Amino acid sequence: MKMFTLAKPAAGIIGALALVGTISLAGAQQPREGERPQPRLADLMQGAQVGHIKLWYAGKAGNWGLATYETKQLKTRLEDAAQLYQSLPVNDVTTMAKPIQAVSAAIAAKDVREFARAYDELTAGCNSCHQSVKLGFVHLRTPSSNPFSDQNFAPGKK
Ligand code: HEC
């Protein structure tokens, strides 16, 4: 089992935080090329959590366009996490490829039952990485109520 150590972004995050108070947001400059601020891993994960929820309700509603979109978002987020935080266990990153593929295949087949099965596999992948980095207390499951009441999950216009 690999111990997880919180990876620090390469840029001097402490220095950046010290500056926060003095920067006027209105006058904030665009970061220069190659200086894009890194998202925090926990923020990427919270985004993944949102995607995980939305993916479920999209699939359940048979909104396959949205389900495809959310799967891509989730995949990109996990790829970003793996690329930016290389202390993440490689095994647990790569094992996510299979459930993501299974979810995509179920979406392509518009197969609600298979979607639900693949979604369980996906969730198990989230939890298995959390366990291997000693964050087993971050335990995901299939959502039972939809917090995004401002979004209509029914299949809409293209
Ligand atoms: C390869 C490992 C890995 C995978 C896969 C993974 N996570 Fe995480 N997750 C982490 C780590 C590491 C943290 C702790 C981040 C931190 O605190 O800096 C975390 C934290 C979280 C948190 C807590 C964030 C918070 O601030 O509340 C949530 C929620 C979360 N992950 C959701 C997910 C979901 C949903 C999936 C699957 C779609 C997933 N994770 C897949 C490694 C992973």
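For reference, positions follow the sequence shown, starting with 1. This one's a predicted model, so the numbers in the text were calculated from it and none came from an experiment. One-based numbering, in listed order, for ligands and for the atoms of each.
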Checklist entry - Which heavy atom of A81 sits nearest a heavy atom of L88, and at what distance? => result O-CD1, 3.7 Å

Item to check | Under 4.0 Å to a heavy atom of C129 - the qualifying atoms of ligand 1, by number | outcome: 1 (C), 2 (C), 3 (C), 4 (C), 5 (C), 42 (C), 43 (C)

Item to check | Contact list for residues 50-62, test side chain to side chain donor-acceptor pair (under 3.5 Å), sequence neighbours left out | outcome: H52-Y119, H52-T123, K54-Q151

Checklist outcome for this item: Of all heavy-atom pairs linking G51 and E70, the shortest is CA-OE1, 3.9 Å

Checklist entry - Would you say M45 reaches atom 8 (Fe) of ligand 1 with an N/O/S atom under 2.8 Å? => result yes

Checklist outcome for this item: If you compare R77, H139, R40, H130 by their heavy atoms, the one closest to atom 31 (N) of ligand 1 turns out to be H130

Item to check | Those atoms of ligand 1 less than 4.0 Å from some heavy atom in L140 | outcome: 32 (C), 35 (C)

Next on the checklist: Please give me the minimum heavy-atom distance between Q83 and Q86, naming the atom from each residue.
Outcome noted: O-NE2, 3.1 Å

Item to check | Short N or O distance, Q49 and ligand 1, threshold 3.5 Å exclusive | outcome: no

Checklist outcome for this item: ligand 1 to V93, heavy atom cutoff 4.0 Å, flagged ligand atoms 1 (C)

Checklist entry - Hey, is CZ on F153 packed in by over 12 heavy atoms from elsewhere, all under 6.0 Å? => result yes

Checklist entry - Does L122 come within less than 4.0 Å of ligand 1, judged by its heavy atoms? => result no

Item to check | Proximity to ligand 1 by part of M96, non-hydrogen separation under 4.0 Å | outcome: side chain

Checklist outcome for this item: Closest heavy-atom pair, N127 versus H139, reported as atoms and distance to 0.1 Å, is ND2-CD2, 3.2 Å

Checklist entry - Among pairs that include at least one residue of residues 92-104, which meet side chain to side chain donor-acceptor pair (under 3.5 Å), considering only residues two or more places apart or in two chains? => result D92-S128, D92-S132, K98-E121

Next on the checklist: Need the ligand 1 atom indices (1-based, order shown) with element for anything under 4.0 Å from a heavy-atom of L88.
Outcome noted: 12 (C)

